[in-house]
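Reading through the structure tokens given below for one structure.
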Number of protein chains: 2
Amino acid sequence: MNHMSIPRVLRTPVPVPQSAHCPRCIVRDACAPAGADASGAGAFDVLAGYRRRLERDETLLRRAQPLVALYVVRLGHLKATRPDRHGQPHVTAFHMAGDLIGLDAICAGHHACTVVALEDSEVCAIPYPEFQDALRASSQLMQRFHCAMSHEIVREQAALIQANTPAAERLAGFLLSLSARYAERGLSPNRFRLHMSRADIGNHLGLALESVSRLLTRFRDLGWIELDKRELVLRDPDKLEALLTAVPA
Amino acid sequence: MNHMSIPRVLRTPVPVPQSAHCPRCIVRDACAPAGADASGAGAFDVLAGYRRRLERDETLLRRAQPLVALYVVRLGHLKATRPDRHGQPHVTAFHMAGDLIGLDAICAGHHACTVVALEDSEVCAIPYPEFQDALRASSQLMQRFHCAMSHEIVREQAALIQANTPAAERLAGFLLSLSARYAERGLSPNRFRLHMSRADIGNHLGLALESVSRLLTRFRDLGWIELDKRELVLRDPDKLEALLTAVPA
DNA sequence: CGGGTTTTTGAACGCACTCAAGTGAAGTGG
DNA sequence: CCACTTCACTTGAGTGCGTTCAAAAACCCG
């Protein structure tokens, strides 16, 4: 295999301190510090030994760039966008700690999305050729990888199904999915920050930003949420949930 | 690995004659007859040696069924549906020859979608445990598989982006995507049959079936298409394409 | 031919959009 | 430190697109 295409910066391992989110990471025990207890480690002991810090608004990768590495978010939040038929960017996903970025690039060999940091963030880079080697070496890693891709497919199916529901359901679903993702990470499911703008939320959900604003206000007036700028408290998640499953008259 | 969970019927290889669409199949040279020229073949020489015929409206697999095998469509057309939050089925995909079915089941170990034949059809079953063995044995197959999953992700992203465009653009995009898929298979891109009902199209695109009907009539009146029942002729695909990329005033 | 399904066509409504104005907070420079 | 700018968000009013409701027409299959 040819590793020559990997930028030099990626090929210089740096110490990667354990993170609270490493247990969710797909390469968790193929990563140097995480598997450090096993002295010798495996063939891929420094698989994720490459970090990258990003400032707010900094671009992790641009659409059409060749696939060099997959990324796992260590810290912070990012958004992925893809241009629509008119060239206007559409927010395809919001990424948080533990998320795997770059799966859409495997197919064509170059990235379909542009990924930008919503706040100061940090990612682990997993050089793709070495990742492929590691997949061959470890059935467990391969299974986890296939699971991750499959999960992404299922998640996007669900998003597609939600895409044509009433605006209130869509927004409630979005808030609850964020809540669930924070819960998975051991964070509070009922109190978190919306790191993205109303415009980003609207764009992602296919709503005008004014609609997002109006709906958040409505949820607040109903006592279902508390909202101060971007700080959110889910005061009555069940009401939001009920909105999704309520019979349509 | 445990093959005991595979129904006996799947474990009985039957001759699978070559099909025009085999070259698109992900397991093409891991399949018995396709690789038959190499006498001995590999460790997975009968990987896809299991067929299943389906009559119109027959169910290939149901949601929540455990993942036993992936399927490749040999012949015919199928639709995949998934219930929305209210239990109403939503058409997530239409499948045709060469398509791989079941990727959404890998994650949870059971299928997320119910798949039904739209006409008399035939699929090859690929027992999943043996498929995993084959992936380990062949880097080429593994790469093709990852490409297929990635492609699915990219395709669903594109569908999500289209989900909030005007109805006419959505329908035009749908017709053109069918056209492109037939072209990939060496069939006419300008003349094909809509194997699904208007209701299925509408459900898939998030439109009322009346809207689909009205738009098809409009396209016909504009001279962009010919339509007789479900037989479609794209008379002016460029006009449909222009609809997608036209600047919004 | 007759019953049921699929498709077409018409009319009126309602949701979410656009347009527009205004508020508020954060950042910048004198 | 305070005017000024800028950006994000909120709120209001009116409109248009795709919906629902309704009915008729066309088609399929026995």
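In what follows, every chain begins at residue 1, and chains take the letters A, B, ... in the order their sequences are listed. Just so it is clear, the structure is predicted and the values come from calculations on it, not from any experiment.
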Mind checking what makes ring-ring contact (aromatic ring centres under 6.0 Å, His included) contact with Phe192(A), not counting sequence neighbours?
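Here the qualifying residues are Tyr182(A).
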salt_bridge(Glu184(B), Arg181(B)) N-O dist < 4.0 Å
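Between Arg181(B) and Glu184(B) there is no salt bridge, as every charged N stays at least 4.0 Å from the carboxylate O atoms.
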Are Arg85(B) and Glu169(A) close enough for a salt bridge, meaning some N to O gap below 4.0 Å?
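The answer is no: the pair does not qualify as a salt bridge.
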To the closest 0.5 Å, what do you measure between CG (Leu103(B)) and CE (Met149(B))?
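Taking CG in Leu103(B) and CE in Met149(B), the distance rounds to 4.5 Å.
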Under 4.0 Å protein heavy-atom contacts per nucleotide of nucleotides 5-16 of chain D, with B for base, S for backbone only and - for none
---SSBBBB---
Report yes or no: does Arg51(A) contribute a side-chain atom to a donor-acceptor pair with the main-chain N or O of Glu122(A) at less than 3.5 Å?
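Absent.
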Arg56(B) or Leu207(B): which one's nearest nucleotide on DNA chain D is closer to the 5' end?
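Result: Leu207(B).
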For a quick check of understanding: with a heavy-atom distance under 4.0 Å over all strands, which category does Ala167(A) fall into, base, sugar-phosphate or nothing?
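Sugar-phosphate, no base atom in range.
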Give one of base, sugar-phosphate or nothing for Gly206(B), where a contact means two heavy atoms less than 4.0 Å apart.
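Here Gly206(B) touches the backbone only, sparing every base.
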Estimate the overall bend of the helix from dC1(C)-dG30(D) to dG30(C)-dC1(D) from the end axes over five pairs each, rounded to 10 degrees.
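Its terminal axes enclose an angle near 40°.
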Indicate every side-chain donor-acceptor pair of residues 207-214 of chain B with a distance under 3.5 Å to a residue at least two apart or in another chain.
none

Derivation of the side chain to side chain donor-acceptor pair (under 3.5 Å) call for His111(B) and Gln65(B):
CA-CA 6 Å; His111(B) 292 277; Gln65(B) 279 181 349; 5.8 Å; no
Sequence neighbours excluded - salt bridge (Lys or Arg N to Asp or Glu O under 4.0 Å) pairs with any residue from residues 187-208 of chain B
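Residue pairs passing salt bridge (Lys or Arg N to Asp or Glu O under 4.0 Å), neighbours aside: Lys79(B)-Asp200(B), Arg193(B)-Glu231(B).
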Criterion side chain to side chain contact (heavy atoms under 4.5 Å, CB included) against Arg220(B), the qualifying member of Leu232(B), Asp228(B), Ile225(B):
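Looking at Leu232(B), Asp228(B), Ile225(B), the match for Arg220(B) under the side chain to side chain contact (heavy atoms under 4.5 Å, CB included) is Ile225(B).
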Chain B footprint on DNA chain C, 5' to 3' - any atom under 4.0 Å from a heavy atom:
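So the outermost contacting nucleotides come out as dT6(C) to dA11(C).
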Could you tell me if the side chain of Leu175(B) sits less than 4.5 Å from the side chain of Leu216(B), heavy atoms only?
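Yes - at least one pair of side-chain heavy atoms lies under 4.5 Å apart.
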Measure CG/Leu171(B) against P/dT19(D) and give the value in whole Å, please.
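Distance check: Leu171(B) CG to dT19(D) P gives 12 Å.
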